[in-house]
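Letters A, B, ... are given to chains in the order of the sequence lines, protein chains preceding strands, and every chain is numbered from 1.
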Number of protein chains: 2
Amino acid sequence: MQSEFVASRSADPKDSRDSRESRNGSPQLDAVSLGIIEQLQEDGRRPYAAIGKAVGLSEAAVRQRVQKLLDQGVMQIVAVTDPLTVGFRRQAMVGINADGDLEPVADALTAMQEVEYVVMTAGSFDILAEIVCEDDDHLLDVINKRIRVLPGVRSTESFVYLKLKKQTYMWGTR
Amino acid sequence: MQSEFVASRSADPKDSRDSRESRNGSPQLDAVSLGIIEQLQEDGRRPYAAIGKAVGLSEAAVRQRVQKLLDQGVMQIVAVTDPLTVGFRRQAMVGINADGDLEPVADALTAMQEVEYVVMTAGSFDILAEIVCEDDDHLLDVINKRIRVLPGVRSTESFVYLKLKKQTYMWGTR
DNA sequence: TTTACATTCTGCGGATTTCGCAGCTATGGG
DNA sequence: CCCATAGCTGCGAAATCCGCAGAATGTAAA
């Protein structure tokens, strides 16, 4: 339950006077930290010394920066897998429309373990949620018995995945 | 350009007689490998010895299994970041409808660096693509000048992200 | 300018981890 | 039965990680 990770972190008051920050509360990253992230996006286990050589820093400095990036929640180093290989054969994106405040709906979705991804959007859906399930029955159950019954939910539309073509984790590498 | 990673790998003929395989060509994972993945989902840099202790294997055996999982493409160990923090302020999911064969369209999307995620779906969209951009201009440019002009593309519908609520990488941890 | 303080970097040992390899065991053909 | 393969263990050498002390650097107040 630890590697759950949300883009807009709530600005923690006690570190809000920390470093340079942009107006949304996110710490500003310099070119060196960006370089470190880039290295770790290629290989999450790359040794600190090798990273240091690439970005022009000592091993210890890289280590400190990486630790800080992890502590701040800017970056995570994790294993990512192919869901199909790990036994989840049905995935779907679900578009949701709801009445009133969307936060409770989004929070309820977030609490479901089958839901990998929740985002509030502008457009003809209020919320998009990605669901990873073991089989059709499981998927049907989640959509009909758990999502469509949430208070406020007016309608849903499902897009069952037929073939995943691309999935990268290369932000910042451009 | 290396940590791009596609769920349904094309069955490479030369390793198709490898190990146990399910009918979609994916190697079957036993409980021990699942346990290793789970450990690395919590912390991608966890030492092999610690993982071994958790799953009941020697350090060397864990190392061999991890290497194999990486080689097979079942798993990747990478840094994942919050796009907002790294300077990408506009994200959107784009639903696409197209005529004829969808593969060329999906391939063209896959080739774009702004596109993080491409999936072919059943439902009222043929393809869903997630786009990560620096600003509104950039986003507009990608959608209008690069996606909507692709041969075969009939229509698109965009869902601009307002707030990302959840994003996990915990497949297999349930 | 000077002083005080906080941040970040470097260098360096000691502890830990990784790495490569040889040997052992179990399984499945031929 | 014998051979080949896959997977595990143990172990020593090399590399890496880790904590810490001291040196730069930057900032803010006096």
Atom [atom1] of [X] and atom [atom2] of [N]: how far apart are they, to the nearest Å?
| X | N | atom1 | atom2 | result |
| --- | --- | --- | --- | --- |
| L29(B) | dG7(D) | CG | P | 12 Å |
| I36(A) | dC9(C) | CD1 | P | 8 Å |
| D71(A) | dT8(C) | CG | C1' | 15 Å |
| L40(B) | dT18(C) | CG | P | 10 Å |
| I51(B) | dT16(C) | CD1 | P | 18 Å |
| R65(A) | dC18(D) | CZ | C1' | 19 Å |
| K53(A) | dT10(C) | NZ | P | 14 Å |

When the side chains of residues 148-156 of chain A are checked against the rest of the protein, which donor-acceptor pairs come out under 3.5 Å, sequence neighbours left out?
| unit_1 | atom_1 | unit_2 | atom_2 | d |
| --- | --- | --- | --- | --- |
| R148(A) | NH1 | T156(A) | OG1 | 2.6 |
| R154(A) | NE | D99(A) | OD1 | 2.9 |
| R154(A) | NH2 | A98(A) | O | 3.1 |
| R154(A) | NH2 | D99(A) | OD1 | 3.0 |

Short N/O separations, protein against nucleotides 9-13 of chain D, under 3.5 angstrom:
| unit_1 | atom_1 | unit_2 | atom_2 | d |
| --- | --- | --- | --- | --- |
| dT9(D) | OP2 | S58(B) | N | 2.7 |
| dT9(D) | OP2 | S58(B) | OG | 2.5 |

Applying side chain to side chain contact (heavy atoms under 4.5 Å, CB included), can you list everything that pairs with A49(B), at least two apart in sequence or on another chain?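 Here the qualifying residues are E59(B).
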
Assess whether a salt bridge exists between [X] and [Y], defined as any Lys/Arg side-chain N lying under 4.0 Å from an Asp/Glu carboxylate O.
| X | Y | result |
| --- | --- | --- |
| K166(B) | E116(A) | no |
| R89(A) | D136(A) | no |
| R90(A) | D137(A) | no |
| K163(A) | E103(B) | yes |

Quick check on DNA chain C: between Y48(B) and D30(A), whose nearest nucleotide comes earlier from the 5' end? D30(A)

Applying side chain to side chain donor-acceptor pair (under 3.5 Å) to D101(B) and not counting sequence neighbours gives none

Side chain to side chain donor-acceptor pair (under 3.5 Å) involving N97(A) - partner list, sequence neighbours excluded: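 Partners of N97(A) under the side chain to side chain donor-acceptor pair (under 3.5 Å) test: D126(A).
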
Under 4.0 Å: is that the gap between some side-chain N or O of K68(B) and OP1 or OP2 of dA6(D)? no

Does a nitrogen or oxygen in the side chain of R45(A) sit under 4.0 Å from OP1 or OP2 of dT18(C)?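 For R45(A), the contact criterion (side-chain N or O under 4.0 Å from OP1 or OP2 of dT18(C)) is met.
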
Overall bend of the helix from dT1(C)-dA30(D) to dG30(C)-dC1(D) (five pairs an end, 10° steps) is 40°

Within 45 degrees of the axis of the six-membered ring of Y48(A) and under 6.0 Å from its centre: does R45(B) put its NZ or CZ there?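 So R45(B) does make the cation-pi contact.
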
